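Please read the structure below before turning to the comments.
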Amino acid sequence: MQTKINQYTEEINAFEPKSAEELESFRIRFLGTKGLLKDLFDEFKTVSPEEKRGLGKVLNEFKKLAEEKHQSFKEQFESGNSGQASDLDLSLPGEGFTIGGRHPLSLVRKEIVEIFKKLGFTVAEGPEIEDDWHNFSALNFPEEHPARDMQDTFFVKKDAENGDIALRTHTSSVQVRMMENGKPPFRAIMPGRVYRNEAISARAHCFFHQVEGLYVDENVSFADLKQTLFYFVQEMFGEGTKVRFRPSYFPFTEPSAEMDISCTICKGDGCPLCKYSGWVEILGCGMVDPNVLENCGIDSKKYTGYAFGMGIERITNLKYQIKDLRLFSENDVRFLKQFQSEII
Ligand code: DAH
């Protein structure tokens, strides 16, 4: 028995585990319930009483040695420091961690806001759940206008006092709130989310974002509107971008126009984006209809104003050449992370 103990002692002294697995095999071999230590103690029971005294001491020391060896390596492995240079490769690259970026629509909204701020515009917001008055009636929508139809608008409930309640279909409702609650001059842009009852496709969505603009004061003219929008386009899409205005119709502006810019891709030569016309439409605008001013308690003999409204998705699509509107709301990180460098 003494010989065995000597042999095992040598083995234990020489033992240098390189992994937690090796240490575990050691534990099983020596300290396990069917291990060598257990065998030695069993054998110890059979030796003569004379031998027991000397051997007992040796056996107990051997037990202590095995346990201490196991314990010290166990602690090393648990603290993550195996003491083995081979486990720690300082030349490996560190583990990078990804930080979030801003959503492309937020980036573009911010850019639009910054440009108009330079021209003295303030920023205002209004509710997404609107009553009939602010979304339609005050804006001169006739009773039979198709936008008032269930097909186009998400109605929330019928309200005897305020008329129908709906998810706003445009941010023009915020102009009404602004004019009702203040006195001219007004010079503000109003970004926000709007809703329309549309089937979701690459080109249409049931919610999207707009920025409304309003400037009301004495002697505001269409020339002011043109110059403001021209400046915006140069800042947003680069010097030299051309603009053109086409007559159009909106119930709340008279005269009304739509504004096109020279195609951001082909610069006017013709490409699939602009359908080979060289122009892409970016917004609607016009002079605030006197009826709208009066509906909001503003003297239309004294004041005039212009308004415009643009879709943030549209501007973003043109800026980043995004062809499918659904990408904006799917939260696919492979799409979103392409904008991460633009954290502002
Ligand atoms: N509200 C219009 C829309 O949703 C956009 C618009 C056009 C806003 C002309 C305006 C405007 O203020 O003058 O399509």
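Note that ligands are numbered from 1 as they come in the structure, with each ligand's atoms numbered from 1 the same way. Values in this document were obtained by computation on a predicted structure and should not be read as measured data.
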**OP:** Go through the steps to decide whether Glu67 and Gln71 satisfy the test side chain to side chain donor-acceptor pair (under 3.5 Å), and finish with yes or no.
**Re:** CA-CA 6 Å; Glu67 283 172 351; Gln71 190 57 30; over 6 Å; no

Original post:
Is there a donor-acceptor contact under 3.5 Å linking the side chains of His205 and Glu313?
Top reply: no

Subject >> Residue pair Asn295 / Asn140: nearest heavy atoms and the distance that separates them >> reply: ND2-N, 4.5 Å

Subject >> Between Ser221 and Tyr306: side-chain donor-acceptor atoms closer than 3.5 Å >> reply: no

Scan the side chains in residues 235-242 for donor-acceptor partners under 3.5 Å anywhere in the protein, sequence neighbours excluded, and list what turns up.
unit_1: Glu235; atom_1: OE1; unit_2: Lys118; atom_2: NZ; d: 2.8
unit_1: Thr241; atom_1: OG1; unit_2: Phe237; atom_2: O; d: 3.4
unit_1: Thr241; atom_1: OG1; unit_2: Gly238; atom_2: O; d: 2.6

Subject >> Within the 4.0 Å heavy-atom sphere of ligand 1, strictly under, residues >> reply: His170, Ser172, Gln175, Arg196, Gln210, Glu212, Phe250, Phe252, Thr253, Gly284, Cys285, Gly286, Ala307, Phe308, Gly309

Original post:
So, for Thr33 and Lys38, which heavy atoms are closest and what is the spacing to 0.1 Å?
Top reply: O-CG, 3.3 Å

